[in-house]
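To start, the structure under review is shown below, and the notes come after it.
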Amino acid sequence: MNPLLDTSGLPRFDTIRPEHIAPAIDQILADNRALIERLLNDPEPPHWDRFVTPLEDANERLSRAWGPVSHLHSVLDSPELRDAYNSRLPVVTEYWANLAQDERLYARYKTINASSVTLSTERHRVLDNELRDFRLGGTELAPEPKARFKAIQEELAALAAHFEENLLDATNAWSKLVQREDLPGVPEDSLAMFEDTARADGQKGCKLTLRAPSYLPIMQFCTNRSLREEMYRAHVTRASEFGPAERDNTALIGKILALRHEAAQLLDYANYTALSLTTKMADSADQVEAFMLNLATRAKPYAERDLADLRAFAAQELDLPELASWDIGWASEKLREARYAFSEAEVKPYFPEPRVLTGLFRVIEALYSLKVVEDNAPVWHNSVRFFALRDADNALIGQFYLDLYARESKRGGAWMDDAVTRRRLAGGIQTPVAYLNCNFAPPTGENPALFTHDEVITMFHEFGHGLHHLLTRCEELGVSGINGVEWDAVELPSQFMENFCWEWPVLQGMTAHVETGAALPRVLFDKMLAAKNFQSSLQMLRQIEFSLFDLRLHQATEPNVQGLLDQVRQEVAVLSPPPFNRFPNGFSHIFAGGYAAGYYSYKWAEVLSADAYALFEESHGEEGELNPNTGHHFWNEILAVGGSRDALDSFRAFRGREPAIDALLRHSGLVT
């Protein structure tokens, strides 16, 4: 039996093969189209149970088959899988585009909505979203522009996949074999990983790649300046004209932007930014721009001071009168060591994977009275683990896969995705399941994987997304978990979780030196805390730069992409990269992800998350213990409600007032 046709349980990753993809997807699409025709030919007036429920069941079946395929394309890519994925991406995209443009479906949803007085709040919300999405899908367009809009959606899906594939291939195309003596200053755990990578290729020495676990330690610790420059240049020119033409994303960017602009105008929006904001908290591009520029104005004086300090230190102590882009990370680490008397390399041995996971799970237990226990499921790689969330009565709340390590077949970054979404079925509640993915260095030799503190924060961030999906109490698919949540609020639970990585009671329970087993010393934690906002202003300006670039790029008719980015940098940045830097060619968040004209969401949601966390700070016990009452309040008013109400209403229900920016400024060190 084709494993993709069995969508009743967890994905059967142990048996899914590329040759299963086409027949399974074709069969499900044929079944769904036949069902839709039966529903549309039903002479009875449409109502929820006879119309919406069977349609949702059919579409979820497709998602439960296509979801694992899309996931494997991201985490275990191969030429065979890529071909099979790309062969069915157009027909899956076409199916959804056809649904969004079907006037008959639209009419029946409007009929149900007109007689929906007896429906639940969740179902009202689902109907509102469906009617909006029909309009945004082009249902109300005349035949010719409707056909053009549909063609645009299909082409954009293919271009986004191509963009991500080019970036992965360009990342994997570069490697360099060096010896230990070529890597002065690099920590031992990274050297061991480089040697493991070389051995896996049958080579001796240290193999460097552009994947994060290899690239970042070189840029942060390696004294070999020429090597830093070589790797920096290779990294920032990936998928650009500086490499093979078949992996150059430049033309794809132009096509993506032109098609998005055309689609927006077909729907009578001035530009794609205006279209994107219709499903977000923010009211207008002007509001978002004013918010970002206000943050930039507050951060820039601090950033100018931080950069001046770094330049003076580099000139006086490091014999670097001119700082290049490939010097910034290394010089900053040296300044941190000098100013705060500790190094990131000194902290890392205290964060072995088993201890970090135990500490993370203890936070979940303390906040929500939930247990995280190891579970069993078919997985796509032998390093992937599977867990269950259970309550005090051992009832199953949710499950999640944890895929922590970088590999050649896996796209970069860290992300959460849904495998199964909570909903009420005839037989009871469907248990939600999430994918949690990171790109950390794997274990070396007999030692467990070691994480930097920043990587611990990343893990907490993705787990926050996971909890948003898993702890929903909604029973309607369209608003359950993160479904239906405004995109500029979806980062609230993830950024909120990051704050616990700075709480001493939490760190005490999640650290154990890999050699001695000793917990992180309080004196070292105090140094980390003192350095918490080290160069935070520079990091904030970088996020603002990307956000404004994205926002303005999607407002322009025929943008000069690099020129626009340079203009934004002149306005808000204090650091400018060299002219050969091709950052847009790797900006997959906006060209291959869901953040187009929405990258500002990170900072927008950070106002909400910082202000929400401030309530936890106010409710801590005398010894800094986490307050389960506040945790359950956050669960009830933010996590549980999913997309069933406006995110701003959920925030007000939790905080008791409108959001304020003060906590974000304080957490970022932007107050005197």
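We're numbering straight along the sequence, starting at 1. The figures here come from the full heavy-atom set of this structure, side chains too, leaving out hydrogens, waters and symmetry mates.
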Between F634 and F496, how do the two ring planes meet: parallel, tilted or perpendicular, split at 30° and 60°? parallel
Sidechain-backbone polar pair: K280 side chain, G598 backbone, donor-acceptor under 3.5 Å: no
R148 vs E262, salt bridge (Lys or Arg N to Asp or Glu O under 4.0 Å): CA-CA, chis, key distance, verdict: CA-CA 9 Å; R148 176 58 186 156; E262 184 182 355; 2.7 Å; yes
Can a side-chain donor-acceptor contact be found between N629 and H633 if the only test is distance below 3.5 angstrom? no
With a 4.5 Å heavy-atom cut-off, do H73 and L168 have their side chains touching? no
Given side chains that start at C-beta, do those of L275 and R260 come closer than 4.5 Å, heavy atoms only? no
Shortest non-hydrogen pair, I364 vs L389, comes out as CG2-CD2, 4.1 Å
Side-chain donor-acceptor pair present, E140, Y106, cut-off under 3.5 Å: yes
Working to the nearest 0.5 Å, report the span between OG1 of T93 and CG of L156. 9.5 Å
Give a yes or no on whether the backbone of A573 and the side-chain of E545 come within a donor-acceptor separation of less than 3.5 Å. no
Should R666 and E617 count as an ion pair when the cut-off is N to O under 4.0 Å? yes
Quick one: does T630's side chain have a donor or acceptor within less than 3.5 Å of a partner on F616's backbone? no
Taking all non-hydrogen atoms of both residues into account, name the closest pair between G478 and V126 and its distance. CA-CG2, 4.1 Å
If we ignore angles and hydrogens, is there a donor and acceptor under 3.5 Å between the side chains of Q430 and E60? yes
Salt bridge (Lys or Arg N to Asp or Glu O under 4.0 Å) for K255 and E155? Distances and angles first, verdict last. CA-CA 9 Å; K255 290 178 183 176; E155 188 173 357; 5.8 Å; no
Using only heavy-atom distances, determine whether the side chains of Q570 and D566 contain a donor-acceptor pair under 3.5 Å. no
Going from CG on L267 to OG1 on T139, what distance comes out if it is rounded to the nearest 0.5 angstrom? 9.5 Å
Begin from the C-alpha positions of T53 and E56 and carry the test side-chain hydrogen bond (donor to acceptor under 3.5 Å, both in side chains) through to its verdict. CA-CA 5 Å; T53 297; E56 283 188 339; 5.2 Å; no
Is there side-chain contact between R552 and P559, with heavy atoms separated by less than 4.5 Å? no
Would you please indicate if the ring centroids of W487 and Y595 are separated by under 6.0 Å? yes
Would you say the ring centers of Y599 and Y602 fall short of 6.0 Å from each other? yes
With rounding to the nearest 0.5 Å, note down the distance linking SG in C474 to CG in N483. 9.5 Å
Atom of V479, atom of S644 and distance for their closest heavy-atom approach: CB-N, 3.8 Å
Between NE2 on residue H554 and CD1 on residue I256, distance to nearest 0.5 Å: 8.5 Å
Measure from the side-chain N and O atoms of D611 to the backbone N and O of A660, and report whether any donor-acceptor pair falls under 3.5 Å. yes
Exceeds 12 heavy-atom contacts within 6.0 angstrom, atom NZ of K532: yes
Classify the angle between the aromatic ring planes of F463 and F400 as parallel (below 30°), tilted (30 to 60°) or perpendicular (above 60°). perpendicular
Is there a donor-acceptor pair under 3.5 Å between the side chain of H261 and the backbone N or O of Y272? no
For D268, does the CG atom sit with more than 12 other heavy atoms under 6.0 Å from it, leaving out its own atoms? no
Quick one: are N437 and S74 in side-chain contact, heavy atoms under 4.5 Å? no
Do D646 and R652 pass the salt bridge (Lys or Arg N to Asp or Glu O under 4.0 Å) test, and can you show the C-alpha distance, the side-chain angles, and the key distance before you say yes or no? CA-CA 10 Å; D646 289 345; R652 291 190 190 111; over 6 Å; no
Can you confirm if the aromatic rings of H589 and W415 lie within a centre distance of less than 6.0 Å? no
Could you please spell out the steps behind the side chain to side chain contact (heavy atoms under 4.5 Å, CB included) verdict for L105 and L39? CA-CA 9 Å; L105 291 175; L39 293 175; over 6 Å; no
Do E606 and S609 have side-chain atoms, one donor and one acceptor, less than 3.5 Å apart? no
Please state whether the rings of H465 and H461 are parallel, tilted or perpendicular, taking 30° and 60° as the class boundaries. perpendicular
Would you say Y600 and D550 make side-chain contact, with heavy atoms under 4.5 Å? no
With the side chain counted from C-beta on, respond yes when I152 and L266 share a heavy-atom pair under 4.5 Å apart, and no when they do not. yes
Donor-acceptor check, side chain of T472 to backbone of H469, threshold 3.5 angstrom: yes or no? no
Going by heavy atoms in the side chains, are W604 and S547 under 4.5 Å from each other? no
D128 versus N113: any side-chain heavy-atom pair under 4.5 Å? yes
Heavy atoms only: give me the nearest A299-S537 pair and the separation to one decimal. O-CB, 3.6 Å
Angle between ring planes, Y109 versus F134, binned at 30° and 60°: parallel, tilted or perpendicular? tilted
Should we say atom CZ of R542 is surrounded by more than 12 heavy atoms from elsewhere, each under 6.0 Å from it? no
Does the R305 side chain pair with the main chain of P301, one donor and one acceptor, at a distance under 3.5 Å? no
Give the C-alpha distance, both sets of side-chain angles, the deciding distance and a yes or no for side chain to side chain contact (heavy atoms under 4.5 Å, CB included) between L360 and F500. CA-CA 9 Å; L360 170 59; F500 292 105; over 6 Å; no
Rounded distance (nearest 0.5 Å) linking atom NE2 of H667 with atom CG of N499: 5.5 Å
Smallest heavy-atom separation, P493 atom then H468 atom, equals CG-ND1, 3.3 Å
For E658, does the CD atom sit with more than 12 other heavy atoms under 6.0 Å from it, leaving out its own atoms? yes
Give a yes or no on whether E144 atom CD has more than 12 heavy-atom contacts from other residues, nucleotides or ligands under 6.0 Å away. no
Go through the structure and list residues passing side-chain hydrogen bond (donor to acceptor under 3.5 Å, both in side chains) with R298, not counting sequence neighbours. N294
Any donor-acceptor N/O pair, N585 side chain to R238 backbone, under 3.5 Å: no
First locate atom CZ of R473, then atom CD1 of I397, and finally report the distance between them rounded to the nearest 0.5 Å. 8.5 Å
So F587 and F591, would you call those rings parallel, tilted or perpendicular, with 30° and 60° as cut-offs? perpendicular
Applying side-chain hydrogen bond (donor to acceptor under 3.5 Å, both in side chains), can you list everything that pairs with R645, at least two apart in sequence or on another chain? E637, S650
Y95 side chain to N59 side chain, donor-acceptor N/O pair below 3.5 angstrom: yes
Got a donor-acceptor contact below 3.5 angstrom from the D306 side chain to the L538 backbone? no
Check: S494 side chain, E462 main-chain N or O, donor-acceptor pair, under 3.5 Å: no
Over all heavy atoms of both residues, which pair between C438 and T458 is shortest? Give the atoms and the distance, please. SG-CG2, 4.5 Å
